[in-house]
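What follows is a single structure, written as structure tokens, with notes after it.
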Amino acid sequence: MTENKRLLRVLNGEALWPPPLWLMRQAGRFLPEFRALREKADFMTRCMTPDMAVEITLQPIRRFGMDGAILFSDILVLPWAMGQSLEFVEGKGPILGAIRSEADLNRLEPGMIAEKIEPVMETLRRLRATVDGPDSIGVAAPGSVTLLGFAGAPFTVACYMVEGSGSREFATVRAMAYQSPALFDRLIDLLTETTTELLSAQIKAGAEAVMLFDSWAGLLPPSEFRRHVIAPTRQIVKTLKARHPGVRVIGFPRLGGVMVAEYARETGVDVMALDTGADLAQVAAQVDPGLVLQGNLDPISVLAGGEAMRREALAIREAGRGRPHVFNLGHGVLPNTPPEHVGDLIQTLRGTAG
Ligand code: CP3
């Protein structure tokens with residue numbers, strides 16, 4: 001089965017040309033077929049209704065034939081499953097009942113997670129049966145699509161749980177880490193354990209590799225980065241690998257800058273997802289040659305499209321030549337990206353030229 005899965009082969013350390021590809025945030029936002037479903041149900045309903053979540057996960061694969069399908073869900077499903085209030089407000093993003101004290105933290109119910117996330121596991125079981133099934137999904141060869149699970153990494157999820165919304169600086173949460181270290185450590189420990197359980201359940205339900213999104217890791221200075229990004233990630237990777245030998249873990253410490261090499265070395269992730277600001281060739285020269293790299297085209301270039309996008313994409317493809325590389329963006333596809341640009345990007349990358 002693995003033979004046809006080009007993405008899984010590269011995640012397992014093989015160098016393939018041209019590199020397999022998928023795009024962060026490919027399921028949703030920028031596709032008209034996703035926006036049509038949005039009229040029918042709110043975001044959490046879409047995440048928690050297997051029929052809908054399966055459909056949304058497969059929409060980009062049907063249209064473009066990416067090598068990987070990423071589960072349609074959200075990093076904030078975990079706090080929601082522990083009973084934190086969560087709403088996605090049009091134009092504002094997520095709004096949560098902020099956690100600011102010991103009492104707030106004590107109100108969370110980690111014992112409820114397994115039951116609350118059961119529909120997500122049903123979604124994964126159906127997705128795996130579909131991508132590996134005989135008629136596949138009306139695109140690509142049957143059994144050629146790799147199914148990816150994911151979670152937010154503890155620090156990034158803590159950012160939203162404490163701040164109660166998105167933010168440019170996440171000053172409240174970063175101040176809490178300095179002012180109330182015992183409380184903040186308790187939150188990070190809770191998230192380390194529950195994220196491990198969430199990803200473990202996803203792997204059992206059929207996810208073939210999992211990704212940890214640490215979108216706000218780059219806000220931290222090195223000492224805090226080691227404590228709240230590297231240490232919890234190392235713990236999660238270690239437990240997952242003990243329970244699921246051979247499982248591949250992708251780490252994405254966004255805006256990690258100079259800390260990326262240390263993160264790669266210390267956490268045990270198999271794949272380093274690079275953000276837009278990283279120089280793929282330079283990182284490749286610094287890290288273990290067996291480490292798989294993923295990334296890192298500027299999502300704005302895909303919004304812009306045309307010759308500049310094609311040139312940048314081919315340069316990144318070239319920088320990854322000869323080593324295991326999964327082509328992706330440096331952050332998620334932007335909502336107003338014309339779908340034709342994504343089609344052009346994929347055609348360019350799969351072209352035999354070069
Ligand atoms: O990659 C995929 O397409 C799979 C699904 C996925 C979503 N969110 C669906 C979603 C994934 C992997 C995520 C990850 C996620 N969610 C991150 C980490 C990656 C990143 O972009 O940095 C973060 C920080 C979140 C939290 C979140 N969810 C925010 C801030 C928002 C509102 C703004 C936005 O990005 O749209 C969401 C909502 C959300 N999650 C939508 C989708 C498709 C849009 C909801 C809608 O408009 O209906």
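Note that the coordinates shown come from a computational prediction; the quantities given were computed from them, not determined experimentally. First listed ligand is number 1; within each ligand, the first listed atom is number 1.
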(request) Examine distances only and state if a side-chain atom of R317 and a backbone atom of L349 form a donor-acceptor pair shorter than 3.5 Å. (result)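 The answer is yes, because a donor-acceptor pair under 3.5 Å joins these two groups.
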(message) Determine whether a donor-acceptor pair (N or O, by modelled atom type, separation under 3.5 Å) exists between the side chain of T146 and the backbone of L8.
(response)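 Checking the backbone N and O of L8 against the side chain of T146, a donor-acceptor pair under 3.5 Å is found.
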(message) Does atom CD (E90) have a neighbourhood of more than 12 heavy atoms from anything else shown, all under 6.0 Å?
(response)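 Not more than 12 within 6.0 Å, no.
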(message) Given a heavy-atom cut-off of 4.0 Å, could you list the residues near ligand 1 in chain and number order?
(response)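 Those residues closer than 4.0 Å to ligand 1 by some heavy atom are R25, Q26, A27, R29, F34, R38, F43, R46, I70, L71, F72, S73, D74, I75, F88, G93, P94, F150, Y160, F213, S215, H331.
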(request) Starting at CG of L124, measure out to CG of L148 and round the result to the nearest 0.5 Å. (result)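 The distance works out to 10.0 Å.
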(request) Tell me, with the steps shown, if D67 and R9 meet salt bridge (Lys or Arg N to Asp or Glu O under 4.0 Å). (result) CA-CA 11 Å; D67 297 284; R9 284 171 61 188; over 6 Å; no
(request) Using the side-chain hydrogen bond (donor to acceptor under 3.5 Å, both in side chains) rule, take R310 and T348 through it: C-alpha gap first, then chi angles, then the decisive distance, then the call. (result) CA-CA 7 Å; R310 291 191 288 271; T348 301; 4.8 Å; no
